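For reference, the structure is listed below as structure tokens.
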Amino acid sequence: MTSATDLPGRPREGAPGGPATARATCVLAPNPSAMTLDGTNTWIVAEPDSDLAVVIDPGPLDETHLRAVVATAEAAGKRVALTLLSHGHPDHSDGAARFAELTGTRVRALDPALRLGGEGLGVGDVITTGGLELHVISTPGHTADSLCFHLPADRALLSGDTVLGRGTTVVAHPDGRLGDYLDSLRRLRALVVEEGVELVLPAHGPVLTDARGAIDYYLVHRAKRLAQVETAVESGYRTPAEVVAHVYADVDRSLWPAAELSVRAQLDYLGEHGLI
């Protein structure tokens, strides 16, 4: 039997909900699926001695979940003062407007269409609500607007969908671009090494306790998949559907539509680099 310590990134045992670090607590949304794993991890982040909290990815438009996030913060003696989005996929952002109504907060995001209150998020921004130090990291690839958040005090990275707690991330054509995604992974790896980041707090799946190991695994996995797709094309598999059936034959067929989007992104990358 494979233990958690043998898996990429050394996932923490147990459900992802509850306190994860001194400053970060997860409230798990009730939207499990093949794509969202256990559901969307909504993160409440705050300094231990502050009465203000920041929420990252309020999740789907589910009234019970949104109220549970507010209640969890209040039970810890904190008021939600700001809402952030890692990116605009519905399982992260659909509840944002209602959550803003419940909390009276602004919603900050990279995509102007997702903002409430006018102020966005940009590379190099530092969130300081309630004395917090949360650095905004640009990580396009999964989507064009994907962001991660570095929490130095806890040696943690809130990774959105850029790095998951289990499995690997879909780079979905046409919004997702593989070249951008690989650059983002390399950027995160440099951050992890230079800043001593140990934990990954993902938007889906368990906390990872080996941040560098997780990102290294992602880079190797992407290189292998790309080589497989290139070989498949050279062998005569031309359409994305043909490539998926050949390369992803061992993957649950329910995931093939997502795999096809990923293959389209890989084919674009190979074409852009003159490899096919």
Side-chain angles (χ1 to χ4, degrees), residues 3-14 16 19-26 37 40-48 54 56-57 84-87 92 110 121-128 132-171 176-226 269:
S3 69
T5 57
D6 297 323
L7 296 173
R10 296 203 302 268
R12 190 176 283 175
E13 297 279 5
T21 70
R23 292 166 179 79
T25 295
C26 174
L37 305 180
T40 301
N41 295 336
T42 295
W43 289 101
I44 302 170
V45 188
E47 283 297 307
V54 173
I56 300 173
D57 291 345
L84 308 177
L85 296 178
S86 68
H87 65 294
H92 298 255
L110 182 61
L121 288 172
V123 179
D125 284 354
V126 181
I127 307 301
T128 57
L132 196 65
E133 183 183 343
L134 191 65
H135 296 252
V136 179
I137 312 297
S138 175
T139 51
H142 171 64
T143 61
D145 68 332
S146 287
L147 299 171
C148 292
F149 303 93
H150 176 212
L151 183 58
D154 286 346
R155 296 182 177 272
L157 177 73
L158 293 116
S159 62
D161 279 0
T162 300
V163 178
L164 304 179
R166 186 169 64 250
T168 54
T169 298
V170 172
V171 179
R177 295 183 56 83
L178 183 58
D180 291 343
Y181 185 65
L182 293 173
D183 287 344
S184 291
L185 288 178
R186 296 184 189 108
R187 188 177 307 115
L188 290 181
R189 189 183 190 281
L191 174 74
V192 163
V193 171
E194 293 167 7
E195 299 295 333
V197 175
E198 298 173 353
L199 301 176
V200 175
L201 312 182
H204 303 285
V207 171
L208 300 176
T209 61
D210 177 13
R212 181 171 177 175
I215 294 170
D216 283 347
Y217 170 77
Y218 265 56
L219 286 166
V220 170
H221 170 79
R222 284 292 165 191
K224 288 181 177 178
R225 279 297 194 209
L226 196 58
Y269 178 87

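Predicted model, so just to flag it, every value in this text is computed and none were measured. Residue numbers count from 1 along this sequence.
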Of the non-hydrogen atoms in [X] and [Y], which two are nearest, and what is the gap between them?
X    : Y    : answer
Y181 : T169 : OH-CB, 3.5 Å
D57  : L85  : OD1-CA, 3.4 Å
P140 : S184 : O-OG, 2.6 Å
R186 : L219 : CG-CD2, 4.2 Å
V197 : A156 : CG1-C, 4.0 Å
S159 : P202 : OG-CA, 3.3 Å

Could you tell me whether the side chain of [Y] reaches within less than 4.5 Å of the side chain of [X], counting heavy atoms only?
X    : Y    : value
T25  : W43  : no
L7   : L208 : no
L182 : L178 : yes
V193 : R189 : yes
Y218 : L164 : yes
V171 : R222 : yes
I127 : L121 : yes

Distance (rounded to the nearest 0.5 Å) between [X] [atom1] and [Y] [atom2]:
X    : Y    : atom1 : atom2 : value
I137 : S146 : CD1   : OG    : 13.5 Å
E198 : L157 : CD    : CG    : 12.5 Å
E133 : H150 : CD    : NE2   : 8.0 Å
C148 : L201 : SG    : CG    : 10.5 Å
L185 : T139 : CG    : OG1   : 9.0 Å
L84  : L147 : CG    : CG    : 9.0 Å

Any donor and acceptor pair, going by atom type alone, linking the side chain of [X] with main-chain N or O of [Y] inside 3.5 Å?
X    : Y    : value
R155 : G196 : yes
H142 : V170 : yes
T209 : R10  : yes
N41  : G205 : yes
D154 : R23  : yes

Checking V136 against F149 for the side-chain contact (heavy atoms from CB on, under 4.5 Å) test, could you report, in this order, the C-alpha distance in whole Å, the side-chain angles of both residues, the deciding distance, and whether it holds?
CA-CA 5 Å; V136 179; F149 303 93; 4.0 Å; yes
I need the single residue from D161, T143, D145 that forms a side chain to side chain donor-acceptor pair (under 3.5 Å) with H87. Which is it?
D161
Counting only heavy atoms not in R225 (residues, nucleotides, ligands), do more than 12 fall under 6.0 Å from its CZ?
yes
